[in-house]
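Quick note on labels: first sequence line is chain A, next is B, and so on, each numbered from 1.
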2 protein chains.
Amino acid sequence: MTTPKTDINFKPVATRKIYQYILEQFVEMVRTGVIKPGDKIPSERELAQSFHVSRPSVREALRVLEVIGIIEIQSGGGAYLKEMELGPFISIVAPLLFSRENFDLELLEFRETIEVRAMELLGAHMTGEDLKRLGISLEAMHKALEANDPESGALADIAFHRTILEASKSYILLKVMDVVVSLFEHAVRGGRSIVLEKHEDARQLYEDHRNIYLALEHHDYSKARELVVSHLQMVRQLYAKR
Amino acid sequence: MTTPKTDINFKPVATRKIYQYILEQFVEMVRTGVIKPGDKIPSERELAQSFHVSRPSVREALRVLEVIGIIEIQSGGGAYLKEMELGPFISIVAPLLFSRENFDLELLEFRETIEVRAMELLGAHMTGEDLKRLGISLEAMHKALEANDPESGALADIAFHRTILEASKSYILLKVMDVVVSLFEHAVRGGRSIVLEKHEDARQLYEDHRNIYLALEHHDYSKARELVVSHLQMVRQLYAKR
DNA sequence: CCTATTTAACTGGTAATACCAGTTGACAGT
DNA sequence: ACTGTCAACTGGTATTACCAGTTAAATAGG
């Protein structure tokens, strides 16, 4: 009783996995605001009942959401929705990316691309409020310099650059920059901030930032742009000889 | 028997999860080349024995690797390592990103940032081989135009731009561009390529590409850059009135 | 001997269950 | 009112089982 071979082409039955359905529904609930950041997510057992699936299936979906950085799972506590955060994802992928030769230098180059573009947008979008926040970051860096505190100096450094990105009002540029910074920190010392040990280097960094700030204060955006370029070139040299 | 309160700061006991250990070891094996793209990964049961953990733990790790796009799992077959591919990840995250207002237009702006930067790099890095491949893409687009085949025209369009990115020899720019294109396709029609219906629009696109190609052929990179800028502005208008 | 079919031994997908280890909050003893 | 205890959660992990595909070896047919 052999089945005769036919030429009929059946469309392959969609065999999507259960965890994908759960993921979809979950993402949709987040998108439409049914669940908001900070909200507690029902327990795995409840979800399993609601979706009419087993707990392992729910767990796989939650695991993915955790790695993607949409939820935070506390052992014993529950799971909570949070603002998307690419940190966990980057932690996993970073080792693979950095197996490429000179990936770190390429990252610095790319950072220049982003920041220069942000400077171009500043002319149209920067507000007085933005300038004030830039001033605060600058002040923090100055204090760190005086106190010879490299740790908080590094934080202020990042804050300064991030404020510029925020002032450009470009969500994408900001997010991309966050990824770049995060990746770069992974490159240097496994996730910690990049700290300048030498005092004169930190001083140079501060001076650069100050000049950029002054240029922005006078709305001289083309000069600010030039300053950013030379500033980042300096940073690159600093990193290269490290 | 009350415990006296002390000022001692105990370091929080590391309570990393099993799947994270597995992930780490796996990524490390990929990084060092113990496993190479195309290789078959041991079955879940084998891995469970090797790592001395249960199968669910292994499955959670594999699930993450699948979403990240490092491995491909075939039901009934096995799991295979592949070149990292951000597609699955983007599919999940895209709906969340596009809940932002005008995210699609921001994407197009960002694309301009990337491509303009690529053009600047072309002067130093483009080879004759690259130019030849650009010509092939251009030719394909021309054929699609003649045959009035919007589908393959769209593919040739993407190929042309991607070839430019490749010619810039910047790995990061290329990968970022892939993400942008993928995200944009998700925006328009849930993952399919963007197709130009109107013939005159497709013709305009081809003309632009041709001019860019000619400029590059004559090594007039500044002109090529200008052309790319105006080209992408045109694309944005095309998309805006869609 | 070769080919085609069958079949058995895989694979991942899912479910059900159990137990451990944290967290939390109510409740009772002080 | 405070404190310590305990019970009822939570997620983390392991075990087991079964189903549904895939694959390759064994076998029957030529």
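A sub-4.0 Å separation between OP1 or OP2 of C/dC10 and a side-chain N or O of B/S43 is absent.
Using a 4.0 Å heavy-atom criterion, one finds that B/E46 contacts the sugar-phosphate atoms exclusively.
Residues of residues 67-79 of chain B that place a heavy atom closer than 4.0 Å to DNA chain D, in numerical order, are B/S75, B/G76, B/G77.
Atom P of nucleotide C/dG13 and atom CD of B/E44 are separated by 6 Å, given to the nearest angstrom. One atom, OH of A/Y21, and another, C1' of C/dT14, lie 14 Å apart when rounded to the nearest Å. Rounding to whole angstrom units, CD of residue B/E60 and P of C/dT14 are separated by 14 Å. The distance from atom CD of B/Q49 to atom P of D/dT16 is 12 Å, rounded to the nearest whole Å. The CD1-P distance, from A/I18 to D/dC19, rounds to 16 Å in whole Å. Computed from coordinates, the B/I41 CD1 to C/dT11 C1' distance equals 13 Å when rounded to whole Å. Atom-to-atom, OH of A/Y80 to C1' of C/dT23 comes out at 10 Å; the value is rounded to the nearest Å. For A/I22 and C/dG13, the CD1 to P distance is 14 Å, given to the nearest whole Å.
The number of heavy atoms from other shown groups lying within 6.0 Å of CD (B/Q49) does not exceed 12.
Of the two residues contacting DNA chain D, namely A/K40 and B/S57, the nearest-nucleotide position lying further toward the 5' end is that of A/K40. Nucleotides of DNA chain C nearest to A/Y19 and A/R45 differ in position, and the one nearer the 5' end is that of A/Y19. In terms of position on DNA chain D, the residue among A/L62 and A/P56 whose nearest nucleotide sits closer to the 5' end is A/L62.
In this structure a side-chain-to-backbone donor-acceptor pair under 3.5 Å is missing from A/H142 to A/L138.
Here the two rings, on B/Y171 and A/F110, have centers that are 6.0 Å apart or farther. Aromatic ring centroids of B/F98 and B/H186 lie 6.0 Å or more apart.
Of the N and O atoms on the side chains of A/D39 and A/Y80, not one donor lies less than 3.5 Å from an acceptor on the other residue. Checking A/R133 against A/T163 by side-chain atom types alone, no donor-acceptor pair falls below 3.5 Å.
Between A/I172 and B/F103 there is a side-chain heavy-atom pair separated by less than 4.5 Å.
For a distance-only test at 3.5 Å, the side chain of A/R55 qualifies as a donor-acceptor partner of the base of D/dG12. In terms of polar N and O atoms assigned as donor or acceptor, the side chain of B/R59 never comes within less than 3.5 Å of the base of C/dT14 in a complementary pairing.
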